[in-house]
Amino acid sequence: MGRRQRLISNSILRAIFRAKPIENDAEARPGFFARVLAFFTFFQLALTRYRASLFKKLRNEQWQIEEEEYTESFRSSSQGKRTDLIAAGDLGYSGSTFFTTPNSKYLVKSLPRHFEQSFFRQRLLEPYVEHMEFNKDSLLVRITDLLYSPTATIGSALGFAPSHHIVMENILYGKTSCSKHQQDQWETYDLKPNDYFYPERDVAGGALAPQSVKDRLIDEFPDKIRVTIDQKEELVAQLSRDSKILRNNNAVDYSLFLVRYPADINGVPPPPGRGSSWRTGITSRDGRWIYRAIVLDFFWAKDAFQAQTLTGLVKLFNALKWGKNHGPMSITTTSEEYRQRFLGMIDNMVEVPDSAGRPAGEIRSPTPRTVEEV
């Protein structure tokens with residue numbers, strides 16, 4: 001781990017292990033001289049927990065995560081003391097930094113873009129909490145903490161260190177307990193509807209973007225998820241409920257994070273907290289695979305300034321006839337249209353047997369009316 005990552009890790013750990021969590025912005029805001037000193041911080045920002053009691057209630061009451069076990073996840077089990085988090089590199093397209101806890105139960109992801117931070121804190125957080133309270137099996141990723149810097153700093157302004165981080169469940173938990181050969185058999189897919197306009201891929205045949213960028217742009221699942229009819233209906237119904245609150249809050253560009261690993265790998269522990277079938281693992285009909293799935297990256301609002309700007313650029317691109325006419329990008333479409341394509345992607349991806357026992361990928365469930373009722 002490099003020096004920058006170690007300093008960011010230290011900032012995160014200090015916030016987690018703070019003896020008395022700060023509950024609101026007024027308490028978190030330090031005095032004048034402390035703010036001046038904090039302003040000249042480059043990497044090791046003074047982070048604190050946002051709405052600490054709210055997230056603790058989610059952890060303990062809704063997800064049944066024992067508090068001491070949660071805190072101890074941030075310590076090294078072998079040394080019994082605070083240690084660095086484990087850097088997981090750049091796992092996404094947004095430029096976020098990632099860490100895992102020493103026991104790999106939790107993932108820490110930075111939110112480097114201001115519109116993502118403000119959207120989650122100011123608009124989505126309350127509906128997210130309410131949804132989690134009434135939907136115990138929700139597949140929206142479980143966000144167990146939000147850490148932030150209550151003061152402005154040079155480091156965050158210049159992009160040296162993120163000012164916001166979310167701590168969330170890691171549904172890859174259990175992979176590190178496998179042998180190296182078994183770990184290589186785990187597969188992950190970050191899935192979004194792939195029929196949107198992606199300039200990196202669709203302009204000039206993709207010649208204007210390096211392959212490294214296109215490889216991270218969008219995943220494709222080269223197979224089908226083979227489960228029973230009941231399991232597909234459960235998945236589609238739950239994702240319908242989850243995507244409904246995202247639509248109601250104008251969120252777009254979220255993705256289904258799909259994990260599969262061979263079913264003959266025995267003794268893989270489930271992710272932390274209260275279990276649900278698609279979170280802990282569904283066995284494929286043929287007995288070959290275990291599937292896990294959650295919804296990630298629901299921090300992009302359709303009415304954000306960035307989305308509106310890109311909408312204008314796409315319209316200009318089409319008006320100037322630079323290549324064929326393209327539809328919207330996944331970040332410029334409407335939240336309802338994105339939801340329908342997202343659910344359609346799931347429907348097409350999941351294969352169930354027909355009444356005669358033959359594979360049938362076109363069984364549609366539930367009907368649109370039922371989707372709105374669930």
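Heavy-atom basis, side chains included; hydrogens, waters and symmetry copies ignored.
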Got a donor-acceptor contact below 3.5 angstrom from the [X] side chain to the [Y] backbone?
X    : Y    : value
Q238 : L235 : no
R59  : T144 : yes
R18  : L47  : yes
R292 : V259 : no
S9   : Q5   : no
K224 : N348 : yes
T283 : I290 : no
D286 : R288 : yes
N170 : L172 : yes

| query | ring-ring contact (aromatic ring centres under 6.0 Å, His included) with Y291: which residues, sequence neighbours excluded? | reply |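 Here no residue qualifies.
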
| field | Exceeds 12 heavy-atom contacts within 6.0 angstrom, atom CD of E68 | value |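 12 or below, so no.
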
| message | Using a 6.0 Å cut-off, check whether atom CD of E66 has over 12 heavy atoms from anything other than its own residue. | response |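 Atom CD in E66 is packed in, count exceeds 12.
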
Nearest atoms (heavy-atom pairs only) where [X] meets [Y]:
X    : Y    : value
C178 : W186 : SG-NE1, 3.8 Å
P150 : A46  : CD-O, 3.5 Å
P353 : V227 : CD-O, 3.6 Å
I86  : T101 : CD1-O, 4.0 Å
I8   : F99  : CG2-CE1, 3.8 Å
R339 : S240 : NH2-O, 2.9 Å

Atom [atom1] of [X] and atom [atom2] of [Y]: how far apart are they, to the nearest 0.5 Å?
X    : Y    : atom1 : atom2 : result
Q182 : D184 : CD    : CG    : 10.0 Å
D223 : M349 : CG    : CE    : 10.5 Å
L54  : R49  : CG    : CZ    : 12.5 Å
D190 : L256 : CG    : CG    : 8.5 Å
R274 : T280 : CZ    : OG1   : 10.5 Å
I12  : D145 : CD1   : CG    : 11.0 Å

Within the structure provided, determine whether [X] and [Y] are in side-chain contact (heavy-atom separation under 4.5 Å).
X    : Y    : result
S163 : Y148 : no
K244 : R241 : no
S104 : K175 : no
E169 : R279 : yes
F17  : T71  : yes
Q62  : E133 : yes
S255 : L191 : no
M168 : K109 : yes

| task | Verify ring pair (Phe, Tyr, Trp, His ring centres under 6.0 Å) between F221 and Y189, making sure each step is shown before the conclusion. | result | CA-CA 7 Å; F221 184 56; Y189 301 91; 4.9 Å; yes

| request: Answer with yes or no whether the side chains of T333 and E337 bring together a donor and an acceptor at under 3.5 Å. | output: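 T333 and E337 do have a side-chain donor-acceptor pair below 3.5 Å.
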
| task | Please say which of M132, E126, H131 ends up in a side chain to side chain contact (heavy atoms under 4.5 Å, CB included) with Y128. | result |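 Considering M132, E126, H131, a side chain to side chain contact (heavy atoms under 4.5 Å, CB included) with Y128 is found only for M132.
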
Determine whether the aromatic ring centres of [X] and [Y] lie less than 6.0 Å apart.
X    : Y    : result
Y338 : Y254 : yes
W300 : F115 : yes
Y106 : Y70  : yes

| Does one hydrophobic cluster hold both Y173 and W289, with members joined at side-chain heavy-atom distances below 4.5 Å? |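 Y173 does not cluster with W289.
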
